[in-house]
Each structure stands twice: as C-alpha cells, then as structure tokens.
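Positions are given from 1 along the sequence. Note that the structure is a prediction, hence the values are computed from the model and not measured.
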Amino acid sequence: MTPTKKELQALSGTVCGVAYEKTPPDRHCDRLTFYIDGRIHFERFCYGEAAGHVLDAWADGVSADGTLLWEQEPKYEHEKKALPRALNAVEQDGASLQLDGDWRRYVKTQELENDKENGYGWFRLWKIRLKNKK
C-alpha cells in the first residue's frame, strides 16, 4: 500500500520536522527525520564499545510509488544495505512507518521545532513557510 500525498505531508509535522526511530533497537539505532520542505535525513548510530555516528544520508523526498529518492548512493555495500528504499505504509496517523516490508516499524519519537545542526534554523524555516504559502 503506497502512502497518499496527504499522509506524506503529515510526516513532517507543522513546525520543522519529525524524527522516527526503528524499533526494537539492536546493535544500531536508525533514525529518519522528515522535514517540512520534503527532504529526509537518515542517520545510523552504533551502540556498544564503538558507539557513535556511523552513517548519514539525505533524500530529496519520496516518489509517488513510495520509493525514497536518495541524493547519493553510499560507496560501501553495508551502507547501501542500511538505507531504507521504500515507504510501504504510514500507520496510526503518522505515529508509525513501515519501510521495505520489514516487520520492525519506525516509531515517531520527536517533533522538532528547529534543527540547526542540519541547517534548519529559524531563517530557513521562515523561508520554507513563506514559499509554501504561495
């Protein structure tokens, strides 16, 4: 079941964006953040002794058939396997996402007011909202 345009717009929230994390956690924590301008940020964090940020990728959005449109493919095979490829379903009014047909869901963890670390400060958000009003 491909998500509707209305469901996709609801994923980003109303202020800046919405963060989703994959459950249940295993050796990695995967986070997807949907921003109000349609961009998607994927991050993977590793637990344990080598804890830290492992992978970072940006997508320009989601196509009509639910395919995530990654800006650049990673060069290593294990990184390519880590990236989600298709958004199959938006469940519980945007509180849960199914990607790549996996039984583990991405669950909504946080609504962001801004994300200065990734370039979504107050000025950029103001410009995006102004553009969206037109």
Side-chain angles (χ1 to χ4, degrees):
M1 178 181 152
T2 305
T4 65
K5 188 172 185 174
K6 185 177 179 181
E7 288 175 327
L8 291 175
Q9 289 173 340
L11 294 180
S12 61
T14 57
V15 181
C16 174
V18 176
Y20 294 85
E21 289 186 7
K22 194 175 204 177
T23 59
D26 48 11
R27 293 185 343 218
H28 303 100
C29 173
D30 292 344
R31 181 185 304 151
L32 273 176
T33 306
F34 290 79
Y35 293 98
I36 62 171
D37 61 355
R39 296 194 71 212
I40 302 167
H41 187 210
F42 175 81
E43 296 174 283
R44 175 171 269 189
F45 300 92
C46 186
Y47 296 131
E49 292 178 21
H53 192 252
V54 179
L55 178 59
D56 190 40
W58 285 90
D60 288 327
V62 180
S63 71
D65 66 349
T67 304
L68 297 171
L69 306 171
W70 297 108
E71 289 179 356
Q72 183 177 0
E73 284 292 323
K75 60 181 177 179
Y76 299 110
E77 193 61 36
H78 69 279
E79 291 177 347
K80 288 179 185 178
K81 289 179 183 177
L83 288 181
R85 299 294 172 175
L87 178 60
N88 301 111
V90 178
E91 301 165 341
Q92 302 169 357
D93 295 326
S96 173
L97 308 176
Q98 181 188 27
L99 285 104
D100 298 332
D102 193 0
W103 64 272
R104 294 180 293 175
R105 302 295 195 254
Y106 279 80
V107 178
K108 184 181 198 177
T109 57
Q110 181 180 16
E111 285 204 39
L112 306 171
E113 289 188 28
N114 63 43
D115 190 1
K116 293 177 185 176
E117 187 175 290
N118 290 307
Y120 287 86
W122 70 269
F123 184 70
R124 182 173 184 186
L125 292 170
W126 173 77
K127 285 176 51 178
I128 291 169
R129 284 191 204 98
L130 191 64
K131 180 181 172 187
N132 288 344
K133 284 185 181 180
K134 293 180 181 179

Fill in the blank from the handout: Hits for side chain to side chain donor-acceptor pair (under 3.5 Å) against Thr67, two or more places apart or cross-chain, chain-then-number order -> Asp65
Practice task
Would you mind reporting whether Leu99 and Leu68 have side-chain heavy atoms less than 4.5 Å apart?
Solution key: yes
Fill in the blank from the handout: Taken in chain and number order and not counting sequence neighbours, the residues that satisfy salt bridge (Lys or Arg N to Asp or Glu O under 4.0 Å) with Glu91 are Arg105
Fill in the blank from the handout: Besides Ile128, the hydrophobic cluster formed by Ile, Leu, Val, Met, Phe, Trp and Tyr side chains linked at under 4.5 Å, directly or via other members, contains Tyr35, Ile36, Trp58, Leu112, Tyr120, Leu125
Completion exercise
Shortest non-hydrogen pair, Pro84 vs Tyr106, comes out as CG-OH, 4.1 Å
Exercise for the section: Sequence neighbours left out, what passes side chain to side chain donor-acceptor pair (under 3.5 Å) with Asp56? Give chain and number order. Expected result: His41
Problem - Non-neighbouring partners of Trp126 that pass side chain to side chain contact (heavy atoms under 4.5 Å, CB included), sequence neighbours left out - result: Phe123, Leu130
Fill in the blank from the handout: Sorted by chain and number, sequence neighbours left out, side chain to side chain donor-acceptor pair (under 3.5 Å) with Glu71 holds for Arg39
Problem - Pairwise side-chain contact, Lys108 with Val18, heavy-atom cut-off 4.5 Å (strictly under) - result: yes
Problem - same_hphob_cluster(Phe34, Phe42) at 4.5 Å side-chain heavy-atom cutoff - result: yes
Problem - side chain to side chain donor-acceptor pair (under 3.5 Å) partners for Gln98, two or more places apart - result: none
Completion exercise
Grouping ILVMFWY residues whenever side-chain heavy atoms fall under 4.5 Å, the cluster of Leu69 otherwise contains none
Handout entry: Set of residues satisfying side chain to side chain contact (heavy atoms under 4.5 Å, CB included) with respect to Glu117, sequence neighbours excluded
Key = Asp115
Exercise for the section: Return the set of residues passing salt bridge (Lys or Arg N to Asp or Glu O under 4.0 Å) with Arg31 (not counting sequence neighbours), or none when no residue passes. Expected result: Glu21, Glu43
Sequence neighbours left out, cut at 3.5 Å: what donor-acceptor pairs do the side chains of residues 73-83 make with other protein atoms?
from, atom 1, to, atom 2, distance (Å)
Glu73, OE1, Arg85, NH1, 3.3
Glu73, OE1, Arg85, NH2, 3.0
Glu73, OE2, Arg85, NH1, 2.7

Exercise for the section: Identify, with sequence neighbours excluded, every residue that meets side chain to side chain contact (heavy atoms under 4.5 Å, CB included) alongside Ala59. Expected result: Ile40, Trp70
Problem - Donor-acceptor pair, side chain of Arg124 and main chain of Gly119, under 3.5 angstrom - result: yes
